[in-house]
Amino acid sequence: MNTINTPKRTVWPVWLALLVLTTLLAGCAPTIPNDAMTLTEDSLQERQMQTRTFETSDEATLLSASAAVLQDLGYLIEDSETKCGLIVTSRDRDVTDAGEVLAAVLLGALSGVPVPWDEHQRVIASLVTRPIGDEKIAVRITFQHMVWNSSKQLVRNETINDPEIYQEFFSKLSKSVFLTAHDL
Amino acid sequence: MKRLRPCLLLLCALIVGTLLLGGCAQRQREIFETSESQLALRSMQTRVFDTDDKNTMLRTVIATLQDLGFVVNEADADLGTVTATKRSGYALKVTVSVRPKGKTQMIVRASAQYNIYIVEDPEPYQKFFAALSKAAFLEANQIE
């Protein structure tokens with residue numbers, strides 16, 4: 001008749017199981033990052049990068065001109081609410097690059113593991129106008145982009161922080177309304 | 001046979017773990033079906049401001065969300081709602097509604113969703129209302 005194993009031999013699977021259990025249960029309710037709802041030092045810099053003021057009180061014309069500039073840049077209007085001064089636009093593009101595909105295929109062949117490449121990019125541009133007093137209107141635009149690869153995984157999901165992109169937009173808007181775009 | 005016992009133990013633990021995980025998701029759904037916890041969530045997500053200007057309040061909400069790094073996706077001035085998303089490797093989606101309370105106050109309610117989970121922690125809401133309060137130059141009062 002077999003005697004029961006000494007406890008030492010069966011301890012490690014129990015600990016492993018407990019570890020697995022704890023990990024699984026911990027995955028139930030993730031907490032959001034601490035800075036998600038905090039105004040940081042970067043917030044002010046970002047606001048300055050994303051905003052220009054125009055000396056006009058005609059919000060409707062400014063909004064309309066902004067929509068036209070975004071259309072010129074290839075964006076499609078998704079939503080708008082003129083009473084809040086909001087226009088939301090998006091642009092989808094195929095970003096497949098021959099060089100990247102070749103490199104991925106070669107790497108995949110060498111390593112035996114398939115390597116995906118970037119395929120689809122979506123940029124969301126959200127513009128808001130806001131009157132400042134009676135003589136000025138602030139225009140703030142934010143760009144976010146998402147990139148999916150050839151395995152349909154989301155590989156990038158972030159706000160765009162390149163000042164040149166914002167500069168280009170305001171330069172076009174400024175020309176369109178014949179007004180100077182002032183810094184905030 | 002002696003080697004089999006620890007393996008069986010591990011297998012049992014993994015099965016139990018999977019069942020518990022499934023149960024966890026079910027429990028989360030049940031949590032938000034009781035009226036008591038809906039009240040707690042509403043209290044966490046709502047503040048009252050002493051203003052009667054719905055449109056200005058809505059625009060202030062939009063400006064605050066932009067300052068916090070959100071991109072506004074939709075707004076409806078008549079309904080008094082704004083929806084915005086923050087993307088920084090995660091997707092934090094927020095809907096804020098502004099509606100009148102009597103003739104002199106506005107109720108502002110913010111509901112946040114982090115990826116596919118409802119945000120039930122009071123701290124992010126407190127931070128949001130602190131930022132909104134500052135931008136509006138008004139105090140954010142707790143709902144009674």
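What you are looking at is a predicted structure, and each value in this text was computed from that prediction instead of being measured. In what follows, chains are A, B, ... by sequence order, proteins preceding strands, each numbered from 1.
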Tell me every residue that passes ring-ring contact (aromatic ring centres under 6.0 Å, His included) with A:Tyr75, counting only those two or more places apart in sequence or in another chain.
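Expected list: none.
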Between A:Asp79, A:Leu44, A:Ile141, which has the largest tally of heavy atom pairs under 4.5 Å with chain B?
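Looking at each option in turn, the highest pair count goes to A:Asp79.
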Between A:Glu46, A:Glu78, A:Gln50, A:Met146, which has the largest tally of heavy atom pairs under 4.5 Å with chain B?
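Option with the greatest count: A:Met146.
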How far does [atom1] of [X] sit from [atom2] of [Y], to the nearest 0.5 angstrom?
X: A:Ile32; Y: B:Glu123; atom1: CD1; atom2: CD; answer: 8.5 Å
X: B:Arg87; Y: A:Leu154; atom1: CZ; atom2: CG; answer: 7.5 Å
X: A:Leu39; Y: B:Phe128; atom1: CG; atom2: CZ; answer: 10.5 Å

Atom group of [X] that falls short of 4.5 Å from chain A, counting heavy atoms:
X: B:Ala130; value: neither
X: B:Thr83; value: neither
X: B:Val94; value: side chain

State plainly whether one hydrophobic cluster holds both [X] and [Y], where clusters connect Ile, Leu, Val, Met, Phe, Trp and Tyr through side-chain heavy atoms under 4.5 angstrom apart.
X: B:Tyr125; Y: B:Tyr90; answer: yes
X: A:Leu62; Y: A:Tyr166; answer: yes
X: A:Leu184; Y: A:Phe169; answer: no
X: A:Ile77; Y: A:Ile124; answer: no
X: A:Met49; Y: A:Ile160; answer: yes

For chain A, which candidate among B:Ile62, B:Thr56, B:Val119, B:Leu58 shows the most heavy-atom pairs at distances under 4.5 Å?
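Of B:Ile62, B:Thr56, B:Val119, B:Leu58, B:Ile62 has the most heavy-atom pairs under 4.5 Å with chain A.
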For chain A, which of B:Leu92, B:Asp121, B:Leu68 has the most heavy-atom pairs under 4.5 Å?
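Option with the greatest count: B:Leu68.
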By number, which residues in residues 83-103 of chain A have some heavy atom less than 4.5 Å away from chain B?
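Interface residues of residues 83-103 of chain A: A:Lys83, A:Cys84, A:Gly85, A:Leu86, A:Val88.
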Keeping A:Ser126 on the side-chain end and B:Val71 on the backbone end, is there a donor-acceptor pair under 3.5 Å?
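No, A:Ser126 side chain to B:Val71 backbone: no donor-acceptor pair under 3.5 Å.
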What pair of heavy atoms forms the shortest contact from A:Val128 to B:Gln66, and how long is it?
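For A:Val128 and B:Gln66, the tightest heavy-atom pair comes out as CG2-NE2, 3.6 Å.
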Which atom of A:Pro131 lies closest to which atom of B:Arg59, heavy atoms considered
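Distance-wise, the nearest heavy atoms are CD-NH1, 3.4 Å.
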Kindly determine whether A:Met37 and B:Phe70 satisfy side chain to side chain contact (heavy atoms under 4.5 Å, CB included), including the steps that lead there.
CA-CA 9 Å; A:Met37 286 288 204; B:Phe70 285 78; 4.0 Å; yes
Residue among B:Asp78, B:Asp76, B:Val72 satisfying side chain to side chain contact (heavy atoms under 4.5 Å, CB included) with A:Glu81:
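Going through B:Asp78, B:Asp76, B:Val72 one by one, the side chain to side chain contact (heavy atoms under 4.5 Å, CB included) with A:Glu81 is satisfied by B:Asp76 alone.
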Within the supplied structure, the quantity of interest is the number of heavy atoms (other residues, nucleotides, ligands) at a distance under 6.0 Å from B:Gln105 CD; does it exceed 12?
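Check passes, neighbour count above 12.
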So with a 6.0 Å cut-off around NZ of B:Lys54, is the heavy-atom count from everything else above 12?
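Atom NZ in B:Lys54 is crowded, with more than 12 foreign heavy atoms closer than 6.0 Å.
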Steps toward side chain to side chain contact (heavy atoms under 4.5 Å, CB included) verdict (B:Thr60, A:Arg130):
CA-CA 9 Å; B:Thr60 311; A:Arg130 199 172 178 207; 3.6 Å; yes
In plain terms, say whether A:Arg140 and B:Asp67 are close enough for a salt bridge, that is, a side-chain N and a carboxylate O under 4.0 Å apart.
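B:Asp67 and A:Arg140: salt-bridged.
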